[in-house]
A.B. asks: 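Quick one: the structure is below, questions incoming.
Note: hydrogens, waters and symmetry copies are ignored here, and every other heavy atom, side chains too, is used.
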Amino acid sequence: MLPELAKRLGVESGRAIRKAEEYERLLRLKTAASGFHIGVTQMVICLDLAVSAENQVLDKELSLKLSGLKKAAYSATKQTIKQVLCLNKDITIKDVCVQLGCPEIASDADNLFKKYCKQTSNGQEQNMDHPGFKAAAVMSLSKLKKLGLDRVRLHELSGLKKSVFDKLVLSMITLNKDMKQEMVSKQKASKRTHSFAEAVEARATAMDEEKRLRDAEQQVPDVDFAEWKRRMLEETNNA
């Protein structure tokens, strides 16, 4: 089946065809337990990946036609197969932002992605390497900051179905708003704590001053007024 598809797609490289057959066998092996069906669509994508690995060109329009999928579904399926075969390059949020011309949101998007990973995992080990999560973080910041990025390109980078990608973006937007609200609450709490501490310190200073005055008063010697008056009169007469 696969050599026949290769012929219809114009793939003549024996090396590319063998690599595609290797991908297909590995895909069957890794998905056997899940009951994942390997059909014409998956074989076409295996050929697509193999041809790309050999730095050759495949007829994209014909590939879509033979796969029986629309462009978005084809891209999502291809991304899934790459994930299963461990062919995904480790794309970073910074890479995505640079490609789309918005490096200024890379840091915020990365923080959002990390927060989402932490919240989603709940302490359990989960694979968050799928580029869909990073693309969704960038899309979320783009919407919140009204940057008007190329949404079609971001969706293609995600490798997810549009409905799944949209839901992921929505959940990250909600999370980002929660993060901002939490930050505001912490700042208010910090301000209240600071004001209370200042009040306590001012009261303590006042109490120290009161104690100092009391101590000073106690140290003043008692004066015999009659004796003082007598001495003053004597000194005046003598003068």
Side-chain angles (χ1 to χ4, degrees), residues 1-96 98-100 113 116-117 120-139 152-169:
M1 175 69 81
L2 199 144
E4 182 182 340
L5 285 172
K7 186 176 181 180
R8 293 178 66 181
L9 286 167
V11 180
E12 298 179 352
S13 169
R15 185 170 177 174
I17 294 173
R18 286 192 297 274
K19 185 176 285 291
E21 289 174 336
E22 178 185 339
Y23 286 162
E24 182 195 355
R25 285 194 297 271
L26 186 58
L27 186 62
R28 290 184 184 278
L29 180 64
K30 289 197 170 190
T31 60
S34 64
F36 185 76
H37 176 68
I38 308 295
V40 174
T41 298
Q42 289 72 29
M43 292 181 190
V44 169
I45 291 175
C46 284
L47 276 165
D48 186 348
L49 294 172
V51 168
S52 296
E54 294 298 321
N55 296 317
Q56 297 179 26
V57 180
L58 192 68
D59 188 328
K60 299 296 182 184
E61 293 299 323
L62 186 55
S63 298
L64 281 173
K65 184 178 179 180
L66 290 176
S67 73
L69 300 175
K70 292 183 179 181
K71 188 176 180 180
Y74 184 91
S75 177
T77 305
K78 181 178 177 180
Q79 187 61 53
T80 300
I81 291 176
K82 286 175 69 177
Q83 188 77 15
V84 172
L85 298 177
C86 301
L87 298 177
N88 276 323
K89 293 180 180 179
D90 186 17
I91 185 170
T92 66
I93 285 179
K94 184 178 180 180
D95 294 334
V96 175
V98 169
Q99 287 180 39
L100 295 170
F113 167 70
Y116 182 84
C117 291
T120 306
S121 64
N122 291 321
Q124 298 178 355
E125 192 70 25
Q126 289 193 18
N127 183 9
M128 305 297 285
D129 293 333
H130 195 290
F133 296 107
K134 297 172 184 177
V138 175
M139 175 69 90
V152 174
R153 190 175 177 190
L154 257 176
H155 175 229
E156 290 177 351
L157 281 171
S158 75
L160 298 172
K161 291 182 180 179
K162 190 175 186 305
S163 59
V164 176
F165 183 65
D166 289 344
K167 287 180 181 178
L168 186 56
V169 170

A.B. asks: Taking side chain as C-beta onward, heavy atoms only, is V44 less than 4.5 Å from D48?
C.D. replies: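 A side-chain contact under 4.5 Å is absent here.
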A.B. asks: Considering only heavy atoms from C-beta outward, does the side chain of K82 approach that of P131 to under 4.5 Å?
C.D. replies: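 Counting from C-beta outward, K82 and P131 never come under 4.5 Å.
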A.B. asks: Side chains of I81 and L87, heavy atoms from C-beta outward: is any pair under 4.5 Å?
C.D. replies: no
A.B. asks: Between CG of L66 and CE of M43, what distance do you get to the nearest 0.5 Å?
C.D. replies: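 Output value for this atom pair is 12.5 Å.
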A.B. asks: Which heavy atom in E21 sits nearest to a heavy atom in L2, and how many Å separate them?
C.D. replies: CG-CD2, 4.0 Å
A.B. asks: How about K60: does its NZ atom have over 12 heavy atoms from other parts shown lying under 6.0 Å from it?
C.D. replies: yes
A.B. asks: Not counting sequence neighbours, which residues clear ring pair (Phe, Tyr, Trp, His ring centres under 6.0 Å) with Y23? List them please.
C.D. replies: none
A.B. asks: On a heavy-atom basis, which atom in L62 and which in R8 lie closest, and how many Å separate them?
C.D. replies: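 The answer is CD2-O, 3.1 Å.
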A.B. asks: To the nearest 0.5 angstrom, please state how far the CG atom of L26 sits from the CD atom of E22.
C.D. replies: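 If we round to the nearest 0.5 Å, L26:CG and E22:CD are 7.0 Å apart.
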A.B. asks: Taking all atoms of both residues into account, what is the closest heavy-atom pair of L49 and K78, and its distance?
C.D. replies: CD2-CE, 3.7 Å
A.B. asks: Return the OG1 to CD distance between T77 and Q42, rounded to the nearest 0.5 Å.
C.D. replies: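 One gets 7.0 Å once the value is rounded to the nearest 0.5 Å.
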A.B. asks: Indicate every side-chain donor-acceptor pair of residues 10-18 with a distance under 3.5 Å to a residue at least two apart or in another chain.
C.D. replies:
residue: S13; atom: OG; partner: R15; partner atom: N; Å: 3.4
residue: S13; atom: OG; partner: A16; partner atom: N; Å: 3.2
residue: S13; atom: OG; partner: Q56; partner atom: NE2; Å: 3.4
residue: R15; atom: NE; partner: E54; partner atom: OE1; Å: 3.3
residue: R15; atom: NE; partner: E54; partner atom: OE2; Å: 3.4

A.B. asks: For residues L85 and L27, report the shortest heavy-atom separation together with the two atoms involved.
C.D. replies: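 Shortest heavy-atom separation between L85 and L27 comes out as CD2-N, 3.8 Å.
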A.B. asks: Return the minimal non-hydrogen interatomic distance between S63 and Y74, and the atom names on each side.
C.D. replies: CB-OH, 3.9 Å
A.B. asks: Could you state the interatomic distance from OG (S75) to NZ (K162), rounded to the nearest 0.5 Å?
C.D. replies: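 That separation rounds to 13.5 Å.
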A.B. asks: Give me the atom names and distance for the closest heavy-atom approach of A20 to L47.
C.D. replies: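 Answer, listing the atom of A20 first, then L47: CB-CD2, 3.7 Å.
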A.B. asks: When rounded to the nearest 0.5 angstrom, what is the spacing between OG1 in T31 and CD1 in I38?
C.D. replies: 4.0 Å
A.B. asks: Quick check: does any side chain N or O of Q99 sit under 3.5 Å from a backbone N or O of V96, one acting as donor and the other as acceptor?
C.D. replies: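 No; zero donor-acceptor contacts below 3.5 Å.
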A.B. asks: What's the spacing between S52 OG and I45 CD1 if we round to 0.5 Å?
C.D. replies: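 These two atoms lie 11.5 Å from each other.
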A.B. asks: Can you check side chain to side chain contact (heavy atoms under 4.5 Å, CB included) on E61 and K65, steps first, answer last?
C.D. replies: CA-CA 6 Å; E61 293 299 323; K65 184 178 179 180; over 6 Å; no
